[in-house]
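Note that the structure is a prediction, hence the values are computed from the model and not measured. In the text below, chain A, chain B and the rest are named by the order of the sequence lines, each starting its count at 1. We use all heavy atoms of the structure for the numbers below, so side chains are in, but hydrogens, waters and symmetry mates are not.
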There are 2 protein chains.
Amino acid sequence: MSSRITIKDVAKEAGVSIATVSNVMNGTGRVSIRTVRKVEDVIERLQFYPSKAARNLKDKSSHLIAVVVPYLKEARLRDNPFYWKLMIGIEEGAKHKSFQVMLMDVNDEESFAFVQERHLDGLIVVGTFQNAPVIDRILALKKPVVFMDSYISDLSLYQVYLDDEEGGYLGAKHLLELGHRSIGVMCGLLIEGGVYHARWKGFQKAIREAGLSMDNQHIFDIHTSAEKGRRLAHQIAEEHPDITAMFSFSDIGALGLIRGFHEKGIRVPDDMSVMGFDDMYYMEYMNPALTTIRQNVHEKGRAAVEMLMELIDDSATSARQIVLPVELIVRESTDICKHTAQS
Amino acid sequence: MSSRITIKDVAKEAGVSIATVSNVMNGTGRVSIRTVRKVEDVIERLQFYPSKAARNLKDKSSHLIAVVVPYLKEARLRDNPFYWKLMIGIEEGAKHKSFQVMLMDVNDEESFAFVQERHLDGLIVVGTFQNAPVIDRILALKKPVVFMDSYISDLSLYQVYLDDEEGGYLGAKHLLELGHRSIGVMCGLLIEGGVYHARWKGFQKAIREAGLSMDNQHIFDIHTSAEKGRRLAHQIAEEHPDITAMFSFSDIGALGLIRGFHEKGIRVPDDMSVMGFDDMYYMEYMNPALTTIRQNVHEKGRAAVEMLMELIDDSATSARQIVLPVELIVRESTDICKHTAQS
DNA sequence: CTGAAAGCGCTTACAG
DNA sequence: CTGAAAGCGCTTACAG
């Protein structure tokens, strides 16, 4: 490969000093219009691209941010298309501000060197947990950081949320309006201040508003995955004949539930209503098409990256938490409760 | 933020020159064991991380590669979980070689500046097409590059493929063995030398081996998406009563087909067998669970990144094309043909 | 308006 | 075995 074109080549070719070339590129200093033209011509002709490495050395800013996904190896993350949409949203927003994005996997605690080495300007941390040791490591970096899809109750941290409580509320209300009185909830791990917990609170609120008791509802606080959903459906088929509707706090879980019920000869929605959360792509193509709570993941990525940009610019907004709206999407997997009410 | 620790700080603290510190870090030159210990202690104590920006300036190598996804904005890519798995596989492989990975979206033709500016060491280009103008732009960069999931017939380029022909063959053979004689193929755009074309060739091979004519098979060379599949199912329900099985060259398409047939009251697999290609996660949770051809996307990412590493090291392998195996996964969406043979 | 020079934080011959 | 110095490709005061 031919050796790179540098600022020196441009200066020589244009018959000016490198300082002038630099000034032209950055629009700094006083340069005559004629010189500007001449230099720009040469830059264009020589296809000169200034080295960011050299620039970073002065500026300290790398114009690079990282999306950090702790524990990337876990199949849970790997199989979740959610993250891809997120990456794309983040990439778009970053590009807009002429930042570029790296994907980092930091399952081992020592792998934070890159943040310092690369002079990263900021971090978006996705999907970690309250009290995860990795959080302290990240904060110790003293870099601008936005947490998303995380379970952190510390309100001094910058975070992007969904209106999870509203989502839980809307879902429960929908089932209630269909006449269901005994609902099972596959709700993930209920950690105080976490997203699942918020959904759970919304659920409870709807139940109370309907004048019902939480005692008739069933909580299954297991991790949400398709396989777990499938097994849970089996369990419910055998042990909980009173349940007429299931609310899974993730579409993935709902998928597994429906499959599990099917295997047990329980028809959805005829014998059992199932409602999800997320509205992943495909969900409208399922049989039955899934009723769910829609969140806009792409938008979430955009919001996170915008927040991070403000932090980096030091033009931080007042709000440290951004809450994105959710929407109830009614399709086929939920239906009127046909069981006889048995007060 | 406190100003960075530099090599100077370490040198001063350890009472040696910066050259010695550098030598200790890189294991170069002759340094006494005592000095090494002392310097390492200080590095550890001061939490010193050498600046990659400075290092790059000398080395030229950035230890950075990019995954380039042209036309990222297209929903087709956005909704495809495939890419996320790929990214993770690539990230893992890169990390292993202490490279880091950036995600780049290059829908506009001018956005290649970053490759030069960042001194990127190599590129993995995903999902472009034969004759896409972007390919020439990429090659003009004169950087090591591996193409994946692309439709490029130029064999001088480094590419990672699936054994697509075998996949098409296995799928067709499976349907044939079940007694199907009139098969519809939803095969994506058939471009010479592309992956869909290879699958198509495999399909034909199986048909011929079975002593059948291609005239009885139906080709639908439309883009594979869930929605397209759904509409195609409607069309088939109305216009092609002879078809008893569908082979979609993507799971996404199969999903749409099954949904579409369902909407038309055609039962899968009782009235119609449907087979996919890819084996995305979830597929075993569908109703019916999807019969498909499995590819290991994660492995594909690993293979691509390994190939790229060899190119960068200049220790390039003999093979410019790597072919990964596929596997037939039989589940519920395909069944014995119940139609009367009407030769 | 323009240029010479210092400096960013490293690495790499080259002396000693 | 160790260090002084040049240089990587830029930017930024500072003179002129």
Side-chain angles (χ1 to χ4, degrees), chain A residues 1-40 42-43 46-64 113-121, chain B residues 1-40 42-43 46-64 113-121:
Chain A
M1 329 227 155
S2 56
S3 76
R4 260 185 95 84
I5 305 285
T6 73
I7 197 173
K8 273 190 199 164
D9 302 312
V10 176
K12 186 180 296 173
E13 184 74 14
V16 298
S17 73
I18 60 166
T20 298
V21 175
S22 177
N23 281 140
V24 170
M25 288 194 296
N26 301 300
T28 50
R30 320 264 83 228
V31 192
S32 76
I33 196 79
R34 283 202 57 221
T35 308
V36 170
R37 290 245 176 75
K38 191 170 52 179
V39 171
E40 283 178 342
V42 175
I43 287 176
L46 263 43
Q47 296 260 64
F48 167 61
Y49 297 102
S51 159
K52 278 236 189 345
R55 197 171 271 177
N56 292 177
L57 210 49
K58 297 289 300 185
D59 294 0
K60 256 69 187 261
S61 159
S62 63
H63 271 229
L64 222 44
F114 70 90
V115 176
Q116 312 279 14
E117 291 174 350
R118 298 267 185 208
H119 303 263
L120 292 190
D121 290 331
Chain B
M1 328 225 158
S2 57
S3 75
R4 258 186 97 85
I5 304 284
T6 72
I7 197 172
K8 272 191 199 163
D9 303 312
V10 175
K12 186 180 298 172
E13 184 73 15
V16 299
S17 73
I18 60 166
T20 298
V21 176
S22 176
N23 281 140
V24 169
M25 289 193 296
N26 300 301
T28 51
R30 320 262 85 228
V31 192
S32 75
I33 196 79
R34 283 202 57 221
T35 308
V36 169
R37 291 243 176 75
K38 191 170 50 178
V39 172
E40 282 176 343
V42 175
I43 288 177
L46 262 44
Q47 295 260 64
F48 167 62
Y49 296 103
S51 160
K52 275 232 186 352
R55 198 171 269 177
N56 291 176
L57 210 49
K58 298 288 300 183
D59 294 359
K60 255 65 187 256
S61 159
S62 62
H63 272 228
L64 221 43
F114 70 90
V115 177
Q116 312 280 12
E117 291 174 350
R118 298 268 186 210
H119 304 262
L120 292 190
D121 290 331

Exercise for the section: Calculate the interatomic distance between K52(A) atom NZ and dT11(D) atom P; express it in whole Å. Expected result: 11 Å
Practice task
Please determine, for the side chain of A54(A), which listed nucleotide (dC8(C), dA4(C), dC10(D)) has the closest atom?
Solution key: dC10(D)
Practice task
Could you pick out which residue, P50(B) or I18(A), lies toward the 5' side of DNA chain C when each is mapped onto its nearest nucleotide?
Solution key: I18(A)
Exercise for the section: Could you tell me whether T35(A) contacts a base, only the sugar-phosphate backbone, or nothing, with contacts defined as non-hydrogen atoms closer than 4.0 Å? Expected result: sugar-phosphate
Practice task
Indicate, with a heavy-atom threshold strictly under 4.0 Å, whether V16(B) touches base, sugar-phosphate, or nothing.
Solution key: sugar-phosphate
Practice task
Indicate whether OP1 or OP2 belonging to dG9(C) is found under 4.0 Å from a side-chain N or O atom of T6(B).
Solution key: no
Problem - D9(B) CG - dC8(C) P separation (whole Å) - result: 11 Å
Practice task
Nearest 0.5 Å please: distance from the CD1 atom of I43(B) over to the CD1 atom of I7(B).
Solution key: 8.0 Å
Practice task
For K58(B) and for V36(B), locate the closest nucleotide of DNA chain D by heavy-atom distance; then report the residue assigned to the nucleotide nearer the 5' terminus.
Solution key: V36(B)
Fill in the blank from the handout: Of dC8(C), dA5(C), dT11(C), the nucleotide closest to the side chain of A19(A) is dA5(C)
Practice task
Give the rounded distance in Å between these two atoms: CG of L57(A) and P of dA6(C).
Solution key: 17 Å
Fill in the blank from the handout: Against the side chain of M25(A), the closest entry in dG3(D), dA4(C), dT11(D) is dT11(D)
Problem - Distance test, side-chain N/O of N23(A) to OP1/OP2 of dT2(C), below 4.0 Å - result: no
Fill in the blank from the handout: Here the gap from L57(A) atom CG to H119(A) atom NE2, rounded to the nearest 0.5 Å, amounts to 7.0 Å
Handout entry: Under 3.5 Å side-chain donor-acceptor pair for S61(B) and D121(B)
Key = yes
Exercise for the section: Return the value, rounded to whole Å, for the distance between atom CD1 of I5(A) and atom P of dC10(D). Expected result: 10 Å
Problem - Nucleotide dT12(C), atom P - distance to CZ of R30(B) in whole Å - result: 15 Å
Fill in the blank from the handout: Separation of dG9(D) atom C1' from R118(B) atom CZ, nearest Å, is 15 Å
Problem - Point-to-point distance, once rounded to the nearest 0.5 Å, from OG of S62(B) to CD of E117(B) - result: 12.5 Å
Practice task
With a 3.5 angstrom cut-off on both distances, give the Watson-Crick or G-U wobble partner of dA15(D), or none if there isn't one.
Solution key: dT2(C)
Practice task
Using a 4.0 Å heavy-atom cut-off across all strands, classify R55(B) as base, sugar-phosphate, or nothing.
Solution key: sugar-phosphate
Practice task
Please state whether the phosphate of dG9(C), meaning OP1 or OP2, lies under 4.0 angstrom from any side-chain nitrogen or oxygen of S51(B).
Solution key: no
Problem - Touch class at under 4.0 angstrom, heavy-atom based, for K60(A) against every strand present - result: sugar-phosphate
Problem - Phosphate contact (dT2(C) OP1 or OP2) by S32(A) side-chain N/O below 4.0 Å - result: yes
Exercise for the section: Round to a whole Å and report the spacing from NE2 of H119(B) to P of dG9(D). Expected result: 8 Å
Problem - Side chain D9(B), main chain T6(B), donor-acceptor under 3.5 Å - result: yes
Practice task
Scan N56(A) against the nucleic acid and name what it touches under 4.0 Å (heavy atoms): base, sugar-phosphate only, or nothing.
Solution key: nothing
Problem - 4.5 Å side-chain heavy-atom contact, Q47(A) and I5(A) - result: no
Problem - Rounded distance in Å - NZ (K12(B)) to P (dG3(D)) - result: 15 Å
Exercise for the section: Establish, with yes or no, whether the OP1 or OP2 oxygen of dG3(C) is under 4.0 angstrom from a side-chain nitrogen or oxygen of T20(A). Expected result: yes
